[in-house]
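Worksheet for the structure shown next.
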Amino acid sequence: MKLELRGITKRFGNFTANDHIDVIVESGQVHSLLGENGAGKSTLMNVLFGLYEATEGQILIDDKPVKFNGPGDAMAAGIGMVHQHFMLVPVFTVAENVALGNEDAGAAGILDLEKTRARIREISDRYGFGVDPDAIIEDLPVGVQQRVEIIKALVRNAKVLILDEPTAVLTPQETDELLNIMRQLRDSGTAVVFISHKLREVKAISDTITVIRRGKVVGKADPAASASELAALMVGRSVSLSLNKDKPKLGEETFKITDLSVLASSGQLLLDSVSFGISEGEILAVAGVQGNGQTELTESIMGLMDHVSGSIKLGGKELIGRTVKQIINSGVGFVPEDRSTDGVIGTFTVAENLVLNQYDKAPYARGMNMKPAVMLKNALKKITEFDVRTQGPDAEAGTLSGGNQQKVVMARELSRPLKLFIASQPTRGVDVGSIEFLHRRIVAERDSGTPVLIVSTELDEVVELADRIAVLYKGKLVGIVPGDTPRDILGLMMAGASNEEAESQSGTEGKERA
Amino acid sequence: MSHATIARTPEAAPANTAVIRSWAAPITYLVLGLVALVGFALGSPHADARFRITDGSQRISVPDLVLGTTFVGWAGTVVMLGIAAYAFVLARAGRKPARWMMPVFAAAFVISFLVWAIGSADTPNVYLSGLIAGSFTLATPLIFGSLSGVLCERAGVVNIAIEGQLLAGAFCAALVGSMTGSLFAGVLAAVVGSVLVSMVLAVFAIKYLVNQVIVGVVLNVLVAGLTSFFFSTVMVEDPEKYNSPPAFSVIHIPFLADIPIFGPIFFNQTILGYAMYLAVFVVWYALFKTRWGLRVRAVGEHPKAADTVGIKVNSLRFWNVVLAGVVAGIGGAFFTLVTSSSFNKEMTAGQGFIALAALIFGRWNPIGAFFAALLFGFTLNLSYVLTILGTPVPSQFMQMLPYAVTIFAVAGLVGKSKAPAAVGEPYVKE
Amino acid sequence: ACGAAPEASPSGSAAPSAGGSTAAGAADFTGCIVSDSGGFDDRSFNQSSYEGLLQAQKDLGIEVKKAESKAATDFAPNLNSMVKGGCDLTITVGFLLSDETKKVAAANPEKHFAIVDDNAIDAKNVKPIIYDTAQAAFLAGYLAAGMSETGKVATYGGMNIPTVSIFMDGYADGVAYYNEKKSKNVEVLGWDVAEQNGTFTGDFENQGAGKNTTLTFANEGADVIMPVAGPVGLGTMDAVKELNAGGKDVKVIWVDADGFESLASGNEFILSSVIKEMGKSVEDVVTSDVEGKFDSTPYVGTLENGGVSLAPFHDFDSKVSAELKGELDQLKADIVSGAVKVESPSSPKSN
Amino acid sequence: MSTTPDLPPAEHTDILVTPPLVPELHRHPEPGEPLLKRIINSNGMVSVLAILLSLLVGAILIAFTDERVTSTASYFFSRPSDMLNAVWISVSEAYIALFQSSIINTSAESISDAIYPLTETLTIATPLVLAGLGVALAFRVGLFNIGAQGQIILGATFAGWVGFNLDLPVGIHLVVAVVAGIVGGALWGGIAGFLKARRGAHEVIVTIMLNYIAVYLLLYLLSTPTFQREGSNNPLSDPVAEFAAYPLIFGPAFRLHYGFLVALAAVAFTWWLLNRSTTGFEMRAVGANPVAAKTAGINVGRAYLLAMLIAGGLAGLAGTAQILGTERSLSGGIAASFGFDAITVALLGRSNPIGTLFAGLLFGALRAGGVGMQANTGIPIDIVLVVQSFIVLFIAAPPLVRSIFRIGTSKPKNKKAAAPAATGGAA
Ligand SMILES: Nc1ncnc2c1ncn2[C@@H]1O[C@H](COP(=O)(O)OP(=O)(O)OP(=O)(O)O)[C@@H](O)[C@H]1O
Ligand SMILES: Nc1ncnc2c1ncn2[C@@H]1O[C@H](COP(=O)(O)OP(=O)(O)OP(=O)(O)O)[C@@H](O)[C@H]1O
Ligand SMILES: [Mg+2]
Ligand SMILES: [Mg+2]
């Protein structure tokens, strides 16, 4: 099957997200789309999948024009899509999610999930997914949810499979497995459209690469080209892909966690006797697949979790048992992992969001009375300093792009004297240029003598920033290793191996590969 | 390199869990147990409470149940305090209260309370079957209303307009029923009236993206205004012609209707009464066991996900709201074709809001809403019965009983209930 | 829809003045009425009073205006707009309007007012219209006790307020009097005179509650039931129809008007009614004002002046024994003469 | 300013309107839109049109049920002018009465008679605005407060008790009574807030139930000697002491009392609280995104409790407007239906204090006008409910009004209505 997009244009209001895009996707190929944040990749795929209606242009299948009135039509035409943000109903089982929209039903529409279960098991076995059809989605780790999305597409016999940033939340190992699955699919004749910001993966898997910038195709790239060439094509200027930071000047170990355990209300241990410390002027990065306790680690430091035991000391003072407000006031800066739900309030203005946890302190308030003028002045300053792209301090934060929302949170947390700085996924969804900037700010905070705790699923970022790396697996601290530990060892540790095991294992594997 | 790292690990054994002590349940049990001790055991009126199961008009005759208030009060208290103590033991050990504890405790409490209350009355003697049957009758329109709410909210549309739907149904049933003299036409008109209300809700909420709470609240006012207006201008002018609808008669199923207690509830109802049971079952079955139900729930939880698999979110929502109108319309007809013989201004008297509470209390589940409405009907009926038997409690406090019980149940036993995730959010597609 | 146009209808006379119509020979008198929050279609005292005014309009050709109150907040504006609208006599219905009537009457000494069911105003231009309903209800209680086969009779109210509980007091006292006379032990369900506490549906709207309450009464063995709850009583009628269809023998004593005449259906189960002649007394007050004989002495409806009465038995006439009829007549005479004292905490107090 | 190479050069002169740092996505205002067109397309215009449309709907109902219209309709085809005439007469009569009883009585003989209707409008608007503020405030915190009715009742009960039971010096008596009213309402609202914060009990259920309980509680109290009027056993209290009542602003000829100024002060207070105070910031944050609020150190439960306390207090003030302002003695109907109307008022006012003030005034006018219309023309006051509802529906759906009148939009579509999504999700 050959799929052709011809002259696709998509406008939102008077903003053009896709501008006369031509792409041809052939079966038996992995076709990658590269482009910076907001370039229009997802939009293009949503048009192709019938979720958005193209403003102009045509979609052709095997040279015949088709018209999709909705995803249903696209699926019927053999197109499957794994969305950047999962399209799974959290309270449904795997089987229900897979069946949805394509249900087997008996008389009077009575559901028959048996066939679906069988299909799931079959596909799961074929690709080694290990997915239980009766598991509830919200209980599953993201990696498994990812597979459920792929199963959804495969069950519908997709001839074209679109994968929009599928690797953003996977471990290196899982990523490798996914790439293997993609190869299997390609070899069985499926056309795969792959979107990723991770140039390494793109280079490894692609047969064809199309680069999009500001909604336009700027050309094709050779998978053999170097990463910095690809980056330059994407952004339109040369980008420095590595951060030059000085050696840390360690001070006192002012932040210390001892035997920290956190329980879910079900009694499950989310963190299991975790102990470590961070010195002034040091960045400790926590690596690990999502769902292994990183979120709970940061949230329990912030006083956001119930059922916490052990000790968290900052400058000798115990944090456990204090309120969130007290903890913030004792000088802890916190960038939560999900900026849109935890970090900013979408219907508040940028200016308000910039003082979200400082609103009741001087100079923003005197007594109960707030001072909007001071807030505004602060906002103008921060907007310039952090290069927040917004229509102004009065714009609602929800209208900002994800990257700019992230900058608002960073600006808020980094602009007061801190005794500890915690950032979860500090650059998630941020484009290359801004990553550079934010990383420099984090390092500057370290250099001013603040202990810094970074949590990131992005291994590149961890390696880039960390002076030391801690790895969490199923709530346990697997080990703490130096910042320059090789990636494959980290990967193995993230899968639960201790650092000694990982080193020996990666040694043998390295040899096999070589 | 094994994928087992991500798959669920069923062997996730004790090593991965620890003790959480939750004292909420034992404390609640203890407090209620002490209430029972002071009220029902120590405060026993030392009389016999007589429960009549049959009243002689049935084929089957069952002897009266006579219970000593002192005995039952103490027995109940012992059971309740026993459960409370056991709950403390479990909590200490970090274990959750056993599943049977809540229902057994609730049963002990209700039985002791009932025996105490009847025993304390001037006439310590009650017709139990009538008490229960009356509860069902009072609950029937509430149940229809709740089902309407369930149908809307499961699809992601808030339905504050249940009151308006019921009232519109009641009005249309009375008007058309009177003019045609036909029960069928009356019910049909009720359905049409209520569906019209639904459609306004659907159009404003889905097409014009107006906040659904606003539309619902306003629709209640609008329907109250319209029906009162036409009541004053049309019905009052000639009540014989416009406001004397026929009434559904009771269909008495021989033999079965004579089964003590259950007979009158299940086998001695009007068509609309039987329709209520059917509706509860059908809505439950359809929501949870059919293709349609799966889609409806998906749309209410995550409309975009539903859209990506080709489900027409807004049209499904629209038709669900309309269907909700059908169900509420039948409930509305119940007011004028079963309960009473004519329409009256604002005669639904806030029952739509009670239905709303019942559906939240019932956790958006038809069966749950059924029992929640029943609890309400039971306490309401009990308050009537107790005043009839004569109690020293002022009538105004008896009238508060069902509302107070609902608050207790919601605050003490139910706690948070989780609405469908996307309820209230319009779905907009680019 | 395509009838013929009336010949030469002079424009202007086609539209009678709004809100009321002028009958031939209109006296230059405007009689007005303000309801309480029950509204004029309450099938109770607002409606009866309004009907009395309409009757006066018909008979005397006066001009009539009405203002219905939806809530307490409407009383003042309604009353004001009546007074400003040139009403000579304004009738206000219910004790809730007492304060407002007093105020407006004081501000407009040249206008006349009458207030139904309230005796709290002592002013030259306000005539209270009240009823000693307990007297008639006493007869009804005696009748109910005499007719009950189960030895249990019942009553319930809409709300526990004096105008309602006075019926219930009289009824219960009548039963007690019967028991005393006959050494019987007929029980009254739903009202306890000593405690002044009993069964109330909580409002005057929910007919379902009336029906349910009545069914419960029947379950507990009552076979004569007196609802004192306006339209809620229609729920009792529905229940009684159902009960009789199911083979029970349950009768109703209606209140306010003669239910046998006023109800659309179910009147075959109306044993009798406790009549409160609101329509007639309102009409009388209007008539005497038109005739220039307005005074402010309270009108108290009693058995003696016929302001309250026990309605005829109609269909039950043959079933009420002559003996019982005789006793009732004697009882009525005794009450009128004062030989039997009927007293309720809610009875009108003379002031 | 070289960031926008794709703009036509002409626009560069206009660079002042483009704030710095705006990316290329920035939407430029359409140049040269004529003023008239902008007015026609504005939201204010939509509101006016919405009111007109609603009055039209009302007119249809009035005409439909008017006897003169129905009788002339029978021969419509032989002489249509009669019917049209009758329609005109019935509708214009009704609306003139509505206007004359709510704004200015143009046929009055004295100035005081002429402005009397306006003072009535303000009088009725007083409790509407106050209770509306309570509902609006709760809305902004993500709580759907259906309980204003019960809160008004409790407020009136507390204030009334102080008013007719205590004997306090001039000045102090009123203040104590008003404070008692606030406390009563706050207590009732606070129960719902407390149960929400502590037990997660759904505020919709709790407030609905508390409304009923308040009604029966009041009826019970009115049957006790403490509350019942001396020498009467009607459920009616003594009037409040003269010095416990709000003084009348324009003397005894008008009902308008100082409670109206209290309402204006409450609008200002609520506006300040929500928009300028740290507490308001917390409450709005919780309403907009409780998770983010919690992360920012805001105590969500406390915000719920506080919001319901204040909302209840505002509704309690509405109760004082009733008991210390217009009614003066306590009866079962003291709250009328203000608690329920308040929900609509708050929603129409987009949960914003100033909006609520205007919505309350509009509803006050309709209510006052409706009473007069009914008294003068016999049209049931229920028509006012119908007109009110249509106004809210039309105002909430500008695209509908625009499409009916075929006018363009001046704002991007799909702007969500004011009430926070959290509220919808809650129900
Ligand atoms: N409601 C809205 N009104 C106006 N503009 C909006 C609105 N919502 C989004 N935008 C615009 O759309 C963009 C946000 O889209 P999105 O969040 O997908 O971008 P992104 O790819 O995450 O951005 P970035 O490149 O910063 O990571 C922003 O440029 C913003 O200005
Ligand atoms: N619903 C929308 N409304 C308005 N603008 C939108 C909308 N969706 C996307 N856009 C705009 O289209 C641009 C392209 O967005 P898209 O999500 O396609 O980017 P992308 O290339 O997938 O980026 P990323 O790498 O961050 O996923 C965004 O910058 C945004 O400005
Ligand atoms: Mg993006
Ligand atoms: Mg994307």
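We name chains A, B, ... by the order of the sequence lines, and we start the count at 1 in each one. Every value quoted in this text rests on a predicted model; they were computed, and no experiment measured them.
With respect to chain C, the highest number of heavy-atom pairs below 4.5 Å among B/Gly134, B/Ser341, B/Pro239 belongs to B/Ser341. Contact count versus chain C (heavy atoms, under 4.5 Å) is highest, among B/His252, B/Glu240, B/Gln399, B/Glu346, for B/Gln399.
B/Tyr274 places a side-chain N or O within donor-acceptor distance of the main-chain N or O of B/Gln269, the cut-off being under 3.5 Å. Looking only at distances, no side-chain donor or acceptor of C/Lys184 sits under 3.5 Å from a matching main-chain atom of C/Gly151.
For the residue pair C/Asp315/C/Asn267, the side-chain donor-acceptor check at 3.5 Å is not satisfied.
For B/Val126, the parts lying under 4.5 angstrom from a heavy atom of chain C are both the backbone and the side chain. Proximity to chain C (any heavy atom under 4.5 Å) is restricted, for B/Leu138, to the side chain, taken from C-beta onward. Residue B/Leu389 touches chain C through its side chain alone, counting heavy-atom pairs closer than 4.5 Å. Both the backbone and the side chain of C/Asn219 come within contact range of chain B, judged by heavy atoms closer than 4.5 Å. Both the backbone and the side chain of B/Ser342 come within less than 4.5 Å of a heavy atom of chain C. Neither the backbone nor the side chain of B/Phe334 comes within contact range of chain C; no heavy atoms are under 4.5 Å apart. For B/Ser244, no part lies under 4.5 angstrom from a heavy atom of chain C. Of the atoms belonging to C/Ala154, not a single heavy atom falls under 4.5 Å from chain B. B/Asn268 does not touch chain C: none of its heavy atoms, backbone or side chain, sits under 4.5 Å away.
Contacts of C/Gln196 classified as side-chain hydrogen bond (donor to acceptor under 3.5 Å, both in side chains), with partners at least two apart in sequence or in another chain: C/Asp169.
The aromatic rings of C/Phe200 and C/Trp191 lie perpendicular to each other, with more than 60° between the two planes, well past the 30° mark.
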Checklist entry - What's the verdict on salt bridge (Lys or Arg N to Asp or Glu O under 4.0 Å) for B/Arg52 and C/Glu220, showing C-alpha distance, side-chain angles and the deciding distance? => result CA-CA 10 Å; B/Arg52 285 171 287 128; C/Glu220 298 309 326; 2.4 Å; yes
